[in-house]
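Shown next, in structure tokens, is the structure this report addresses.
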Amino acid sequence: MNSKIGYLVAIALLLVLPFVVYPVFLMKLLCFALFASAFNLILGFGGLLSFGHAAFFGGAGYITGHALKVWGLPTELGILFGALTAGLLGVLIGMLAIRRQGIYFAMITLAMAQMVYFIFVSSDFTGGENGLQGVPRGYALGFIDLQNDLSMYYFVLTIFIVAFAIIARTVHSPFGQVLSAIRDNEDRATSLGYDVDRYKLLAFVLSATFAGLAGGTKTVVFQLASLTDSHWHMSGEVVLMTLLGGLGTIVGPSVGAAIIITLQNYLASGPLGAWVPVVLGLIFVVCVLAFRRGVIGELQAFIRKSF
Amino acid sequence: MSDAAPYILETQGLTKEFKGFTAVDTVDLKVRRHQIHALIGPNGAGKTTVFNLLTKFLIPTRGKISFNGQDITKTKSADISRKGVVRSFQISAVFPQMTARENVRVALQRKLGTSFHFWRPLSSLNQLNERADELLDMVGLNKFADSVVGDMAYGRKRALEIATTLAMEPELMLLDEPTQGMGREDVDLVTQLIKKVSADRTILMVEHNLGVVSTLCDTVTVLQRGAVLTEGDYDTVSADPRVKEAYMGKAA
Ligand SMILES: Nc1ncnc2c1ncn2[C@@H]1O[C@H](COP(=O)(O)OP(=O)(O)OP(=O)(O)O)[C@@H](O)[C@H]1O
Ligand SMILES: [Mg+2]
């Protein structure tokens, strides 16, 4: 009940926010919030540290960009195509990585993502260092001109809310129960008759798909797909966002993404510009040492304790 | 159906080698249907390894395993459990971040066939609550249905583990030291519980507490350095001087 009211308030806030805050900044924030929420599905709820999620985020960015710019697909279809391609890539990488545990899983996902990155670096369709530029935003539903930032914002917000709802449902579903059981005690889940690899693979593919959805949407917002989005830095950044906000909480990753993106934005324009990574690193260290559960995790623990 | 066969589980020459070290050595084990069968032996004798082989958490180096007359030597862990052989673990195996009811429900929900349905609401599992509560009631945990398991006392976790195993309606239950680390009272409780749930089922259990073995078990197999030392009912086995030497040591 309480969380329902919370969500309604958040949606109301997001509806009026673009009248106060620069919409492009908000859209960037929503894309990363979605990316982190998707990532949380595999790390927070699946217990698997993927270090290659940039491949899905950045990869879908290129695919969506290409589909819109070269094939002239409608915007929605282009984004969907990007997300599904990321999901497919998730199947491939997942099948190779899912049987590994802990650090080996992280290493394989990183290695695969680096391979994808090198393919992007040397391919023509990505525009190499220059990126894939001039991606048309197009029209939503065929008639709403997305060149208008406000229209674009509500389009992105709709994608975010729908995707967030599906992710939240996934966590609170029969599948989500099995997934938390596997995260809690994999051997026990096996002994109860679950083929744990298949559940982990589905979680990985869902996570990859939504990461792709976020990447594709971001390309449309900025009309650009660039190498930064598939660089391993991006894989690290999404880990940071998720941990900072609260691993395994529903809204934590979004909050973490909002904090990081806001900081990056304000610090970059100030005198600390060159020190952004250091400041973020410091925040990360403080967070890991002092608030291990992340902002939202600590908040929940505090509320639980004070009752 | 081979229901008439006297043995529910048989192994032939079951062997497991770890880099030259033989942890389980040509074990021929026969477990009679509807019995409580104990597997005992000193520390490191290979009891847990036998369980791991039977449930394919480890792959046998050699040998054959059959369940209800069917060869399951190559069957995967999850499939073995679905066939009706469900194990517990030496270290209590629960899902600590879930409530007791949710723990049991995880075992019940696979039958609904919706375990991959990520779009279905959690409330679709509520139909299982009644059965889950029955099972919790059976192990005396009805009051703790909504408690998060991680914070529960050790004895309760073990009881919950039994409830979760029972939820699978196993034909054959493998219990690895169900009373380990428990105080006297909890040991008695769990002993009663095992007695109660053994109706209509077969139980193979590893147990160090010989009091428990003598009250519960119909047949005792003694393992020493991976091999079967002897087998028989409790009185025969406990009178065997080799067993006294290997297993009971100074207690004899
Ligand atoms: N995965 C493994 N790799 C190497 N050696 C192993 C492995 N698992 C077990 N062993 C060895 O096999 C032997 C038998 O171990 P096991 O755990 O089966 O003994 P146990 O009879 O269950 O003992 P306890 O009563 O202490 O539980 C031990 O010497 C152990 O060190
Ligand atoms: Mg053991």
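The sequence lines fix the lettering, A, B, ..., with proteins before strands; numbering per chain opens at 1.
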Decide yes or no for [X] and [Y]: does some side-chain heavy atom of the first lie under 4.5 Å from some side-chain heavy atom of the second?
X       : Y       : value
S191(A) : F89(B)  : yes
L192(A) : F95(B)  : yes
P121(B) : R169(A) : yes
S173(A) : H117(B) : no

Which region of [X], side chain (C-beta onward) or backbone (N, CA, C, O), has a non-hydrogen atom less than 4.5 Å from a non-hydrogen atom of chain A, or is it both or neither?
X       : answer
V85(B)  : neither
T164(B) : both
K83(B)  : neither
M168(B) : side chain

Most contact-rich option vs chain A, by heavy-atom pairs under 4.5 angstrom, among S81(B), S77(B), A167(B), is S81(B)

Top of Q97(B), R87(B), E161(B) for chain A proximity - count of heavy-atom pairs under 4.5 angstrom: Q97(B)

Taking atom [atom1] of [X] as the centre, does the number of heavy atoms from other residues, nucleotides or ligands within less than 6.0 Å exceed 12?
X       : atom1 : answer
K74(B)  : NZ    : no
I91(B)  : CD1   : no
F116(B) : CZ    : yes
I103(A) : CD1   : no
D71(B)  : CG    : yes
R131(B) : CZ    : yes
Y199(A) : OH    : yes

Grab the two heavy atoms, one from [X] and one from [Y], that are nearest each other, plus how far apart they are.
X       : Y       : answer
D184(A) : M98(B)  : OD2-N, 3.9 Å
P174(A) : T114(B) : CB-O, 3.4 Å
R188(A) : S88(B)  : NH1-CA, 4.2 Å
S115(B) : Y194(A) : OG-CE2, 3.8 Å

Do the ring planes of F118(B) and F175(A) sit parallel (below 30°), tilted (30 to 60°) or perpendicular (above 60°)?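 Perpendicular.
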
Options L206(A), D187(A), V171(A), V196(A), ranked by heavy-atom pairs under 4.5 Å with chain B, top entry: D187(A)

Point-to-point distance, once rounded to the nearest 0.5 Å, from CD of Q177(A) to CD of E102(B):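 Rounded to the nearest 0.5 Å, the CD-CD separation comes to 4.5 Å.
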
Residues D195(A), R110(B): salt bridge by 4.0 Å N-O rule: no

What part of R183(A) lies closer than 4.5 angstrom to a heavy atom of chain B: side chain, backbone, both or neither? side chain

Side chain, backbone, both or neither: which part of L179(A) has a non-hydrogen atom closer than 4.5 Å to chain B? neither

